[in-house]
Amino acid sequence: MANYKIFVTSYQLKNAFDKLFDDLMEDKTREMEPAEAVFTPLLTHQKQALSWMTSRENSNDLPPFWEEKNGLYFNVLTNFAVKERPEKVLGGILADDMGLGKTLTTIALIVSNFHNGKPLPLEQCEGSSMPSATRKKAALKEKSGDPEESGEPVGSSPLKRLHANSATADTIDEDAPQKKAKTTKKTAKKSANTKKGVVLLDDVDFAAALECTSSQAVPAKKSAKKSSGTGKGPSGAGGGSGARATLILCPLSVLSNWLDQFEQHIRADVTLKVYLYYGPERSRSVGLLSGQDVVLTTYNVLSSDFGNKASSPLHKVNWLRVVLDEGHVIRNPSALQSKAVLGLQSERRWILSGTPIQNSLKDLYMLLSFLKLKPFDVKEWWNRIIQRPVTMGDRFGLKNLQALVKGITLRRTKNSKVAGRALVQLPERRVFVQHVTLSEEEREEYEQVKREGRDIVGRYFQEGTVMTNYADVLAILVRLRQCCCHPSLVGKYTVAGDLGTPGELRERLINKITLVLNSGSDEECAICLDSLRQPVITYCAHVYCRPCICEVIRSEKEQAKCPLCRAQIKTKELVEYPGEEVEARSATGENWQSSSKVDALMSNLLKLRNEDPTVKSLVVSQFTRFLDVIELPLREYGFSFTRLDGSMNQKTRAKAIQDFQDSSPGSPTIMLLSLKAGGVGLNLTAASHVFLMDPAWNPAAEDQCVDRCHRLGQSRDVVITKFIVKDSVEENMVKIQKKKQELVEKAFGGKNTQNLKQARIDEIRTLMEI
DNA sequence: CAAAATTGGCGGG
DNA sequence: GGGTCAATGCCTA
């Protein structure tokens, strides 16, 4: 139960990246107005970003650190000279904090800087949609907030009005495309034709595509006219090269956000051709793709095209611009998706990421590599000039790194100031750590699991094979962490040590018997020829009633053979069917038992509801099965809740979010959230309390999660409660988190492989208390 | 021909 | 190993 709380003031983890920027903010303050086609007025810092990005794209200069000398090109960092002019780096890293409008700024860039600072030629469709545009304008004026990437308009979303007639629950709804979840593609399309808005139409197409029913060219504003716009044809050459289209890559979870934002921020009477490259029906025509203004897809789709098919259409297009949203996902150079990204052809390249460096300096390597910043796209140079010096604590190394980053990166945080005023104003946010004490039984079970784990890991230590058996070690740690949450999470049938090979074998057998028994057909025992009672499966994978087969073994003694295949069998090798017991435990409330952590959560929730029944909370865990467990007491106490995890498709997600964000009475007050589901980009501002049920390895993940409600549009102070079990792995995890954070801040996570290994082994020592 | 289940890559370290 | 996301084979309608 809960016993004491520690107040931790509103801290924010200072990202190591900021260190680089401490005194580097210099003349990136020039502003630029976006093209007329951008509907939403840009905030000051967004105009600054637009100006900076445009100048990066149009620059004719040599890339950073190159100088021309006597017809040779000389790099001031490497002291090497080459004959050929190094490729220009047109682009960079936009590393603004989340919530500052990276999406809007990028949209503005796409529309405003086609070639030579000229706007993208777009066709106008006169008349028709003016009213909606005016309405939008009015709506936006009322609100003072930031027209930001997640579609913040708080009370008066323009989209809300446009959609009011089609949305089923026509209440508040910030996140636009998701709301027609209920209208099927066909019916909605009809209604779109009859009257209202073009805007609705692409939403529908989007939904359809996500449901894998269809995907087709989706001009953002579907006017029938073929383009011929202000000059150049659709595939037509802008200044010199034929490239026109911008490719945007992003995680699935923010795909809808992008479409949404295009709609919100582009004037309704302008046609921007946006194609969603997603779903099994996506067009693989290179011509079609390169004729778009924007092609939107996910990293997964790209890499799956890249890996499977001999021909990946995306790799055949000459892009004008490639944008990596949440670009840090490509930080692992050996991952297929990273290679896929490097293989793209483009004139300009951008990385958007609030946290470009997640763990170590190494993360930067891939980013520079993508940008083709010579010579640092070559691993050896990178190591020699940057990585090694910096991790060795070389002052010049750090200086070079700073200069390097400065030249290609723009970063502002929520605390940055523009002309002495904060960029954005957010409500307070406070973090509490609530320590939980295990009950006696829980403690007993925990110690049991821990002893077993320690035995195994201890053996690895003696043999010096910790690293080779790292997977096992992790598994043990996971079990311990599960113990801290709820006993039923702990896998029962992998009690290690028991047998040599059998872990796997057992698993397979259990799978098989489960399959047989759940197949629906009433299987019968080959001995009694009746339906199975107390079914067991032999090592040779045949199923009998336990009494029947035991009788056979008893009578035949050591010679006992399987009646079906004559394999040797023993009583000890019979594997029981676990299914019923497990299902009984989790499915029905019958045998359900609580846990200390669940109790702690429930008492918080009940207290909260007493104080203010309208308060909404996020309940976050890394284990979806823990969320399953929590559902029961929630129901029991009459809480109305929704749920969001990675197994849900886009449609059900949208519904869950919409329900939760709805503020009408009777709407759900709790959302069960899987830590990584959706990752970034979600708007859960209806919640003002966050319960983090178990500590994450990566504090940044927790931070991101919290930021889903602590962002623009949040009107209340946000309270975060972290549950930590006393005297357990969880406390040790927190210790390690802290130590890591210090390391990162100090030396940029400098670790070479040797130290890294040792550090991990030490970590395991700490975790297992060996 | 569409929904559920399985398989595989990835990142967590 | 847990979880997520895409593709694939499978089954029912």
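Remember, it's a predicted structure, so these values are computed and weren't measured experimentally. Proteins get letters first, then strands, A, B, ... in listed order; numbering begins at 1 in each.
Here the P atom of nucleotide B/dG9 and the CZ atom of A/Arg331 are 19 Å apart, to the nearest Å. The distance from atom CG of A/Asn332 to atom P of B/dG9 is 14 Å, rounded to the nearest whole Å. C/dA6 atom C1' lies 13 Å from atom OH of A/Tyr277, rounded to whole Å. Here the P atom of nucleotide C/dT4 and the CG atom of A/Leu336 are 21 Å apart, to the nearest Å. One can place CZ of A/Phe306 at 18 Å from C1' of C/dA7, the figure rounded to the nearest angstrom. Rounding to whole angstrom units, CG of residue A/Leu673 and P of C/dG3 are separated by 13 Å. Regarding A/Leu302, its CG atom lies at a distance of 11 Å from the P atom of C/dA7, rounded to whole Å. Between A/Leu627 atom CG and C/dG3 atom C1' the separation is 12 Å, expressed in whole Å.
Dashed line: the shortest gap from a side-chain N or O of A/Ser674 to OP1 or OP2 of C/dG3 is not under 4.0 Å. Of the side-chain N and O atoms in A/Arg282, none sit less than 4.0 angstrom from OP1 or OP2 of C/dA6. Taking side-chain N and O atoms only, A/Tyr299 has no distance below 4.0 Å to OP1 or OP2 of C/dA6.
Residue A/Ala475 is the one, among A/Met648 and A/Ala475, whose nearest nucleotide of DNA chain C lies closer to the 5' end (criterion: closest heavy atom). The nearest heavy atom of DNA chain C to A/Phe626 and to A/Ser304 marks one nucleotide each, and the one closer to the 5' end goes with A/Phe626.
The A/Phe623 side chain lies nearest to C/dG3 when the options are C/dT4, C/dG3, C/dA6. Of the listed nucleotides (B/dC10, C/dT4, C/dC5), C/dC5 has the atom at the smallest distance from the side chain of A/Leu252. Among the nucleotides C/dC5, B/dG9, C/dT4, the one closest to any side-chain atom of A/Thr624 is C/dT4.
Using a 4.0 Å cut-off between a side-chain N of Lys or Arg and a carboxylate O of Asp or Glu, A/Asp305 and A/Arg284 qualify as a salt bridge. Under 4.0 Å is where a charged nitrogen must lie from a carboxylate oxygen, and between A/Arg711 and A/Asp97 no such pair does. The residues A/Arg479 and A/Glu452 are annotated as not salt-bridged, no charged nitrogen and carboxylate oxygen being separated by less than 4.0 angstrom.
In terms of heavy-atom proximity, A/Gln622 sits nearest to A/Pro695 at NE2-O, 2.9 Å.
Note that CG of A/Leu684 is 11.5 Å distant from CG of A/Asp707, once rounded to the nearest 0.5 Å.
In DNA chain C, consecutive stretches of 3 or more Watson-Crick or G-U wobble pairs with both distances under 3.5 Å are given as paired ranges: B:5-8 with C:5-8.
In this structure, A/Tyr365 and A/Trp382 have tilted ring planes: the angle between them lies in the 30° to 60° band.
Residue contacts shown for A/Ser303 are absent, as no nucleic acid heavy atom lies under 4.0 Å away. Within the 4.0 angstrom heavy-atom criterion, base atoms lie near A/Leu474.
In this structure A/Asn383 satisfies the side chain to side chain contact (heavy atoms under 4.5 Å, CB included) test together with A/Lys379, A/Gln387, A/Arg388, sequence neighbours excluded. By the side chain to side chain contact (heavy atoms under 4.5 Å, CB included) test, A/Lys316 is found to be paired with A/Val286, A/Ser311, residues two or more places apart in sequence or in another chain being considered.
When both distances must be under 3.5 Å, the Watson-Crick or G-U wobble mate of B/dC1 does not exist.
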